[in-house]
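Structure first, commentary second.
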Amino acid sequence: MTTYTDRAMESAIGRMLRIGVAISAGTVLIGGLIYLSSAGTAVPDRHHFTREKVVFDSFAGILRGVGSLNAASIIQLGLLLLIATPVIRVVFCVVGFARQRDCLYVTVSAIVLLILLYSLFQYGG
Amino acid sequence: MTLFVFTVLVFVTSLFAGLLGAMTGLGGGVVIVPALVLLFRVDMRYAMGASLVSVIATSSGAAAAYVRDGLSNIRIGMFLEIATTLGALFGAYLATRVSTHSIAIVFGIVLLYSAFASFRGRKKLEAVTKPNPLAVRLKLEGDFPSSESLPSGSMQAGGSAHYSAQRIPLGFGIMFGAGTLSGLLGIGSGAVKVLAMDQAMKLPFKVSTTTSNFMIGVTAAASAGIYLSRGYIDPGIAMPVMLGVLIGSLAGSRLLVRTPVSTLKMVFALVIVALGAEMIYNGVAGRI
């Protein structure tokens with residue numbers, strides 16, 4: 001048997017998840033504080049869903065906005081980092097099972113990863 | 001109501017939803033959607049997007065505690081995530097096709113079921129130690145390090161009991177359903193995931209709950225891409241909801257050990273029943 005145990009893989013994943021959540025929550029918080037400090041008096045309409053106006057920017061648009069300290073862009077960057085954490089978790093599993101030479105579970109993790117990437121390409125594409 | 005007041009009120013509501021969700025084991029996502037829709041008159045789809053994001057945050061944020069226990073089964077979780085992520089894609093796709101009235105009605109039914117399920121006494125299941133051939137082939141087995149929750153007699157030397165997953169196709173099917181609900185409603189659907197592992201696959205209860213928590217984030221991430229592309233995730237609402245639910249649930253899981261839960265659970269279950277009835281009524285009346 002290999003020395004890389006399931007327990008070690010879980011600890012690595014647990015650490016990664018905690019760091020991922022801390023970074024993304026911190027980013028969302030910074031964006032949120034800027035958002036509130038620059039907030040006007042009116043509440044934007046959230047009672048009606050506007051399909052035409054997709055509220056989430058493209059990745060390139062978000063990065064441009066972050067550069068100019070745009071509050072909504074910083075929040076969106078934090079949310080994207082948050083959504084990326086479980087995806088990275090699955091990447092950790094692919095690598096971890098590969099280190100264990102467990103072909104079956106490298107395949108299983110890779111299938112899950114492909115499903116996640118398919119979903120994310122709906123946004124990115 | 002100004003933007004500042006609106007954001008602060010949504011944050012405080014999310015904080016309580018996360019706190020009570022963690023303390024009662026009912027989860028925060030299932031309450032935050034009706035709260036946003038019924039109290040703040042937010043569109044159903046923005047509420048689902050904000051809830052989905054908060055579900056990813058709490059699942060990942062709680063990982064520290066679960067890793068320390070060492071009870072979650074990484075292989076069983078990953079294998080069943082094939083079912084939950086495919087279900088989530090299907091559910092998120094359905095959510096973009098189905099009217100919000102019908103989504104509200106399904107949501108109401110899920111709320112009523114979660115309140116009911118939280119009081120259903122857990123049947124003491126016999127630990128299944130006899131290896132299932134499919135479980136052996138797929139490595140859906142493990143060792144349970146403590147004697148609690150397992151009937152005596154199944155203990156082996158060294159204080160650990162072996163378990164082997166049963167009825168794998170049934171568990172896999174229920175997991176697809178759990179994923180579909182998660183994508184359709186923007187919730188974690190942890191209760192259904194636990195049902196699949198605990199009741200259908202006869203895994204030890206603690207293994208089921210901890211593995212379910214690990215799976216919730218990956219399942220929700222599978223819907224997230226579709227939610228993002230359809231504009232369900234509004235940064236202005238997702239921000240206070242994610243931070244509120246995350247902080248609330250982290251605090252709630254710490255308070256859990258010191259508070260008598262039964263009264264709290266009763267009150268929270270009544271709130272959920274009221275929200276569920278209100279969601280169904282508004283859905284049928286076509287007001288959501």
Side-chain angles (χ1 to χ4, degrees), chain A residues 6-7 9-11 13-15 17-18 20-21 24-25 28-29 31-32 35-36 39-44 46-51 53-56 71-72 75-76 78-80 82-87 89-90 93 96 102 104-105 108-109 111-112 115-116 118-125, chain B residues 1-4 6-8 40-46 53 56-57 59-61 63-64 66-68 70 72-75 78-79 81-82 85-86 88-89 92 100 138-139 214 217-240 242-243 246:
Chain A
D6 285 8
R7 206 59 220 275
M9 202 194 306
E10 274 180 30
S11 309
I13 289 169
R15 252 195 320 276
L17 289 177
R18 252 176 305 163
V21 169
S24 53
V28 170
L29 181 65
Y35 176 77
L36 285 183
T41 45
V43 183
R46 299 254 160 62
H47 310 311
H48 305 287
F49 182 73
T50 41
R51 197 175 287 276
K53 177 185 146 266
V54 172
V55 283
F56 220 89
I75 295 172
Q76 292 177 85
L79 296 176
L80 284 185
L82 182 73
I83 293 166
T85 22
V87 183
R89 197 216 110 171
V90 178
C93 286
D102 186 337
L104 176 65
Y105 273 87
V108 167
S109 317
I111 292 172
V112 174
I115 296 169
L116 292 180
Y118 169 79
S119 171
L120 289 175
F121 277 124
Q122 303 289 309
Y123 156 67
Chain B
M1 188 161 48
T2 66
L3 181 60
F4 185 83
F6 173 82
T7 307
V8 170
F40 295 94
R41 297 278 153 205
V42 168
D43 183 278
M44 187 79 193
R45 286 158 284 207
Y46 293 138
V53 163
I56 298 177
S59 164
S60 303
Y66 293 120
V67 169
R68 196 177 49 235
S72 66
N73 188 310
I74 201 165
R75 283 191 176 75
M78 192 50 78
F79 175 74
E81 272 162 15
I82 296 178
T85 49
L86 283 176
L89 281 183
T100 47
L138 294 170
K139 303 183 195 172
F214 254 113
V218 174
T219 308
S223 314
I226 293 174
Y227 275 36
L228 283 174
S229 69
R230 300 298 171 114
Y232 281 29
I233 301 178
D234 181 327
I237 298 179
M239 179 265 291
M242 175 219 160
L243 293 174
L246 178 65

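In what follows, chains are A, B, ... by sequence order, proteins preceding strands, each numbered from 1.
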What closest approach, in Å, do [X] and [Y] show between heavy atoms, and which atom pair accounts for it?
X        : Y        : value
A/Ala25  : B/Leu243 : O-CD2, 3.7 Å
B/Pro235 : A/Gln76  : CG-CG, 3.4 Å
A/Ser119 : B/Ala221 : OG-O, 4.1 Å
B/Gly236 : A/Tyr35  : CA-OH, 3.6 Å

Chain B interface, residue from [options] that has the most non-hydrogen pairs under 4.5 Å:
options                             : answer
A/Val87, A/Asp102, A/Leu80          : A/Asp102
A/Gly14, A/Cys93, A/Ser109          : A/Ser109
A/Ile83, A/Leu116, A/Val90, A/Leu82 : A/Leu82

If I measure from the heavy atoms of chain A, does [X] come under 4.5 Å with its side chain, its backbone, both, or neither?
X        : value
B/Phe214 : both
B/Thr219 : neither
B/Met242 : side chain
B/Thr7   : side chain
B/Ile74  : both

Can you tell which part of [X] gets under 4.5 Å to a heavy atom of chain B, answering side chain, backbone, both or neither?
X        : result
A/Leu79  : side chain
A/Ile111 : side chain
A/Leu17  : both
A/Leu104 : side chain

* Taking atom OH of A/Tyr118 as the centre, does the number of heavy atoms from other residues, nucleotides or ligands within less than 6.0 Å exceed 12? -> no

* Asked: Just wondering, do A/Tyr105 and B/Phe79 contact through their side chains at under 4.5 Å, heavy atoms?
  -> yes

* Asked: Yes or no on side chain to side chain contact (heavy atoms under 4.5 Å, CB included) for A/Val108 and B/Glu81, after CA distance, side-chain angles and deciding distance?
  -> CA-CA 9 Å; A/Val108 167; B/Glu81 272 162 15; over 6 Å; no

* Asked: Looking at B/Leu246, B/Asn73, B/Val8, B/Leu138, which one has more heavy-atom pairs under 4.5 Å with chain A than the rest?
  -> B/Leu138

* Asked: Looking at B/Ile82, B/Val42, B/Thr100, which one has more heavy-atom pairs under 4.5 Å with chain A than the rest?
  -> B/Ile82

* Is the side chain of B/Arg75 donor-acceptor paired with the backbone N or O of A/Asp6 at a distance under 3.5 Å, no angle test? -> no

* Structure fact -> The reported gap from CD1 in A/Ile75 to CD1 in B/Ile233 (rounded to nearest 0.5 angstrom) is 13.0 Å

